[in-house]
Trainee: 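Quick one: the structure is below, questions incoming.
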Amino acid sequence: MKANHAVMFRWLIRREVLLAWRRKADLFSALAFYIIIVSLFPLSMDPDSRLLRSIAGGVLWVSALLATMLGFHRMFANDFADGSLDQLILTPQPLVLTVIGKTAAQFLTIGISLILISPLLGLQYGLTPNDTRQLAWSLLLGIPVLILLNAVGAALTLGVHGGGLIAALIVLPLCVPSLVFGAGGNVSLVGAVLAPTLVFAPWAAAAAIRISLG
Amino acid sequence: MKANHAVMFRWLIRREVLLAWRRKADLFSALAFYIIIVSLFPLSMDPDSRLLRSIAGGVLWVSALLATMLGFHRMFANDFADGSLDQLILTPQPLVLTVIGKTAAQFLTIGISLILISPLLGLQYGLTPNDTRQLAWSLLLGIPVLILLNAVGAALTLGVHGGGLIAALIVLPLCVPSLVFGAGGNVSLVGAVLAPTLVFAPWAAAAAIRISLG
Amino acid sequence: MGRSGGNTDFPGMKRIMSNWYKFASPPALYPLVNRLIPWFAIPSAILFAAGLYVGFFVAPTDFQQGDVYRVLFIHVPAAWMGMLLYVLMSLYASVGWAYNIRVSSMMASALSITGALFTLISLLTGSLWGKPTWGAWWVWDARMTSTLILFFLYVGFIALQTSIDDPRRADRAGAVIAAVGVVNVPIIYMSVGWWNTLHQGATIRIVQESTIAPTMLAALLIMLAACWLYSVAVVLGRLSCIIAEREHLEIA
Amino acid sequence: MLTATELECVRGNRTVFQELSFSVRPGECLQLTGPNGSGKTSLIRILCGLMEPSHGTVSWKKLDIRHLAEDYRTCITYLGHRHGIKEELTPLENLQIICGLNGTEISRNHAVRALEYMGLANRETAFARFLSEGQRRRIALARLVFNSSEIWLLDEVLTALDRDGMESVQALIDGHLARGGMAVVATHHGLGLSQGRFQRIELAA
Amino acid sequence: MLTATELECVRGNRTVFQELSFSVRPGECLQLTGPNGSGKTSLIRILCGLMEPSHGTVSWKKLDIRHLAEDYRTCITYLGHRHGIKEELTPLENLQIICGLNGTEISRNHAVRALEYMGLANRETAFARFLSEGQRRRIALARLVFNSSEIWLLDEVLTALDRDGMESVQALIDGHLARGGMAVVATHHGLGLSQGRFQRIELAA
Ligand code: HEM
Ligand SMILES: Nc1ncnc2c1ncn2[C@@H]1O[C@H](COP(=O)(O)OP(=O)(O)OP(=O)(O)O)[C@@H](O)[C@H]1O
Ligand SMILES: Nc1ncnc2c1ncn2[C@@H]1O[C@H](COP(=O)(O)OP(=O)(O)OP(=O)(O)O)[C@@H](O)[C@H]1O
Ligand SMILES: [Mg+2]
Ligand SMILES: [Mg+2]
């Protein structure tokens with residue numbers, strides 16, 4: 001049996017990526033959203049470069065956080081609504097693996113594209129190449145945390161009306177540490193937050209799904 | 001026949017409000033979400049009062065946009081998914097009235113509560129009573145714009161054909177002017193944006209719904 | 001598969017559990033709970049009276065801040081209770097989940113509201129206090145900020161539980177989020193502290209009188225005890241309501 | 001009289017049906033049968049004006065429904081595959097609201113009686129979320145009990161219903177025809193209708 | 001052998017069924033009937049382990065399925081009211097993915113043949129969104145064509161299907177039973193099965 005897990009996992013990833021591709025719209029709107037939010041601030045305040053540079057990290061991080069929020073509560077909700085979540089749960093694969101697969105796919109699609117576009121947006125704020133590099137790194141380590149936490153929130157609110165918002169409520173406070181460290185530009189601390197999240201969040205999410213289908 | 005429109009409209013409002021009430025969680029969490037986002041920004045930057053005051057407008061507006069977006073893209077999607085949108089369209093009421101009714105209900109529930117809470121949040125950013133008043137006004141005029149534009153977007157994304165992409169790319173940029181004016185604290189310009197939106201958006205949304213159901 | 005408490009998988013565990021279940025069955029506890037309430041309610045009322053009296057009339061006026069500082073007698077205990085109750089809540093929730101003890105889960109729900117309330121009070125009194133002392137209703141001081149976030153954690157928990165209408169599911173979901181939350185609390189406090197020291201400019205050190213007058217200390221301690229008893233009483237009260245509601249639900 | 005003339009339906013790039021003409025007279029029931037994907041749903045949606053035919057017209061009392069718009073919508077009752085039942089509402093609320101929205105308000109105890117007729121006695125005030133598939137379907141159908149609109153357009157109306165369910169629906173349609181109403185019903189099950197003139201259109205795949 | 005002992009199901013605050021015990025042997029089909037809301041769906045979800053019975057156990061080859069977990073899941077195939085078909089995917093993709101996810105990969109032209117068997121010839125590459133209700137249902141059912149798992153759990157399997165559809169499904173179940181498989185089928189329609197031993201449980205409302 002075990003031998004098969006690899007195969008199943010590959011199919012899971014293929015499924016998720018294919019779906020993401022067919023739903024380009026979501027991906028693009030998340031990106032567009034990110035870009036607009038980030039570009040808004042310079043427009044809405046006096047363009048004093050020192051001021052801008054000092055808020056750059058914060059704005060980019062919070063916007064990234066929000067852009068991830070927008071899509072991810074649908075991570076399980078769609079599958080729940082059309083019954084394919086039942087099917088995913090009934091695959092011989094342990095549910096944790098399924099969760100990991102889905103989050104990984106999310107990271108590979110939205111996550112990566114957010115990270116890739118950030119340096120460009122950094123330019124708007126006159127970030128030095130050095131700051132930019134630091135920011136990109138912190139996002140690279142931080143966004144997985146955001147995604148994983150979102151997965152837990154999404155799983156807990158399955159089939160709950162207004163699930164998206166409630167998931168956000170639950171998740172946002174938990175995102176504070178990575179937000180603070182990331183925006184503060186302390187990459188290593190973000191990594192320190194990532195490690196335990198990687199280990200525990202998938203289990204929490206899996207448990208949450210079981211509970212929600214109870 | 002015409003006599004009935006009033007009755008039907010009352011039932012529509014009753015329906016929407018009842019649903020909103022049953023989904024209290026939605027409303028409540030939209031608010032909490034708004035508050036949390038607003039409070040997160042300072043955490044991601046240097047909390048010195050001058051800086052905070054200068055970004056306050058932007059932060060409150062962006063957060064308001066989000067709080068509306070997170071909830072409202074489901075505005076028609078729910079009704080579409082369970083088939084009750086068909087029923088709404090087949091009522092003797094003109095579709096535009098239905099759209100107006102739904103958006104009005106949204107404004108009366110989530111919209112108002114967002115506006116009411118904003119001054120409090122202004123305190124966190126050390127806004128002067130004067131700035132606060134200005135901000136509240138700009139939100140009062142601006143949030144309807146956001147809701148209406150979201151309605152159009154939601155209508156376009158119904159059934160998630162390729163329309164989703166178009167919707168995102170149309171609606172988000174359309175939000176930018178009100179965002180910029182509002183965040184910049186220019187109430188009269190926001191009003192200038194509101195007027196045409198009030199006139200055209202409902203028709204656009206109605207048309208969009210027809211298209212999506214094709 | 002629905003049951004997620006791994007413990008139920010050991011042979012024999014089921015029996016123990018079912019005993020627990022009988023032992024801690026809500027209906028059995030209901031009368032006991034109701035009988036306990038006054039034993040905490042009355043003393044807390046007395047202590048409140050005493051504490052407030054000492055705090056507001058006996059304790060000397062602060063030479064720096066004048067009489068404003070007396071808010072401290074409400075503010076500080078409230079803040080502490082807020083933090084304490086969150087930990088308790090998570091504990092009860094987790095136990096209720098792992099061993100499938102309904103009362104324990106109900107206890108968690110009961111605690112969440114009271115905890116949130118205390119945290120809110122500490123926030124409000126804090127900012128009431130902040131206005132005269134710091135000249136601002138709100139200051140992004142580390143302690144205040146982390147209290148605010150703690151409040152958000154409470155709100156998330158409550159929102160989740162109220163939005164789920166199947167009580168069993170609400171309990172379990174709450175347990176998950178409470179567990180995740182309590183693990184995060186220290187990290188959050190640490191991060192906020194780090195952030196605050198990162199931007200020294202903004203930190204307002206709450207000036208600590210080198211020596212608190214003994215009467216002040218007494219008042220503070222009395223108020224603390226009063227808050228304790230109050231929480232126990234209120235939580236038990238809420239618990240009995242929850243039991244009544246749910247059992248009634250199951251009878252109907 | 002409801003008349004369809006030379007209807008053609010193109011979905012995507014495939015013609016589902018063409019040259020479809022028929023008319024339904026008062027007291028008459030038109031049954032649509034045909035294999036999956038033969039166009040029953042499409043046809044019904046065209047008949048209520050939810051979809052545009054790619055060619056041809058649907059007319060009601062000699063007038064094109066596209067021009068009649070609201071005046072036509074007051075005359076029809078449509079039930080689709082997806083029965084717009086709100087899970088957060090109770091059967092009672094669902095029923096009263098849908099009636100109110102159609103300008104035919106219905107008193108609480110009429111509503112209760114309708115639901116009882118559909119076998120939902122003493123479940124009127126449970127949230128629809130807690131009801132089974134068939135029970136939800138029954139809420140949607142309860143709308144037909146006190147319904148006096150001239151045209152009923154029912155898609156897969158018997159899905160998910162048990163025997164009694166089917167019978168009571170058939171009884172409803174009978175009564176409607178007897179009152180001189182018209183019905184267009186798409187179904188895979190035979191409709192055991194006693195009353196009323198019949199007409200069957202078999203759509204080809 | 002699949003055995004259920006003293007199952008009890010409580011939804012919300014009402015007991016749907018109690019004291020339900022039965023066992024299904026290889027080559028045997030258990031048909032669940034009963035009025036709407038009698039607990040067919042609940043029972044099937046309990047049998048696949050998606051729901052916890054409030055009391056009682058389900059065991060497979062004498063072992064509680066709660067402990068078997070994955071080993072049990074490899075043996076079952078479940079189709080529910082909501083047939084987990086992704087509208088953004090083509091029938092082909094849907095089929096291959098669901099099979100792959102269950103560790104029973106299926107070659108492209110096997111998939112095509114399965115879909116053809118379910119009457120979706122030359123629709124394999126249209127998006128499921130563009131298919132009719134029944135056609136979507138058929139995609140989900142195509143999974144059964146080359147399916148060798150021992151237990152089939154089918155809820156309302158004949159819904160929305162036309163005559164041929166029903167017949168081909170019945171043929172599939174026949175074959176499955178003939179191969180010594182087991183099936184639990186909830187349906188309101190009679191199952192015209194020729195082969196295999198039978199067993200019917202009538203759930204009371
Ligand atoms: C974990 C939460 C909190 C704890 C444990 C806490 C504890 C304390 C304590 C022990 C004092 C006594 C003053 C001292 O000697 O340090 C104090 C003072 C004060 N607290 Fe808090 N507090 C908390 C949150 C807050 C919040 C949320 C606010 C405002 C919103 C606030 C505002 C103040 C103010 C203005 C003072 C007086 C500062 C001064 O004495 O100069 N505190 N707090
Ligand atoms: N989520 C739920 N919460 C509470 N009760 C529920 C829930 N879902 C279903 N029920 C109740 O459980 C009973 C059984 O539901 P179930 O869906 O199993 O019936 P069923 O036999 O499948 O009906 P149908 O033939 O209509 O599909 C019904 O009376 C229903 O009211
Ligand atoms: N949105 C769509 N876009 C393109 N083609 C579609 C769309 N919806 C359905 N079709 C096609 O139109 C044809 C008719 O679909 P329709 O739903 O009317 O069939 P039906 O008779 O209702 O089938 P069923 O008995 O399964 O309900 C089908 O072949 C289907 O593939
Ligand atoms: Mg159809
Ligand atoms: Mg069922």
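From a predicted model like this one, the values you see are computed outputs, not experimental measurements. Order of the sequence lines sets the chain letters (A, B, ...), proteins ahead of strands, with each chain counted from 1. The figures that follow rest on heavy atoms only: side chains count, while hydrogens, waters and symmetry mates do not.
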Trainee: Which residue out of Leu19(A), Leu85(A), Leu213(A) racks up the most heavy-atom pairs below 4.5 Å with chain E?
Mentor: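 Answer, by heavy-atom pair count under 4.5 Å with chain E: Leu19(A).
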Trainee: Heavy-atom cut-off 4.5 Å, strictly under: side chain, backbone, both or neither for Ile98(E) against chain A?
Mentor: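 Side chain only.
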Trainee: Is Arg138(E) reaching over with its side chain to a backbone N or O of Leu161(E), donor-acceptor style, under 3.5 angstrom?
Mentor: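 No, Arg138(E) side chain to Leu161(E) backbone: no donor-acceptor pair under 3.5 Å.
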Trainee: Measure distances from Arg136(E) to the heavy atoms of chain A and classify the residue's part below 4.5 Å as side chain, backbone, both or neither.
Mentor: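 It is neither, since no heavy atom gets under 4.5 Å.
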Trainee: Is a donor from one side chain sitting under 3.5 angstrom from an acceptor on the other, for Gln96(E) and Arg14(A)?
Mentor: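 Their side chains do not contain a donor-acceptor pair, so the 3.5 Å distance test is not met.
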Trainee: Only pairs at least two apart or in different chains count here, so list each salt bridge (charged side-chain N to carboxylate O under 4.0 Å, His left out) that has a residue in residues 77-91 of chain A.
Mentor: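 Passing the test, one end in residues 77-91 of chain A: Arg15(A)-Asp79(A), Asp79(A)-Lys102(A), Asp79(A)-Lys86(E), Asp82(A)-Lys86(E), Asp86(A)-Arg45(E).
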Trainee: So which pairs with a foot in residues 167-188 of chain E pass ring-ring contact (aromatic ring centres under 6.0 Å, His included), sequence neighbours left out?
Mentor: Trp152(E)-His176(E)
Trainee: Less than 4.5 Å to any heavy atom of chain A: does that hold for the side chain of Tyr72(E), its backbone, both, or neither?
Mentor: neither
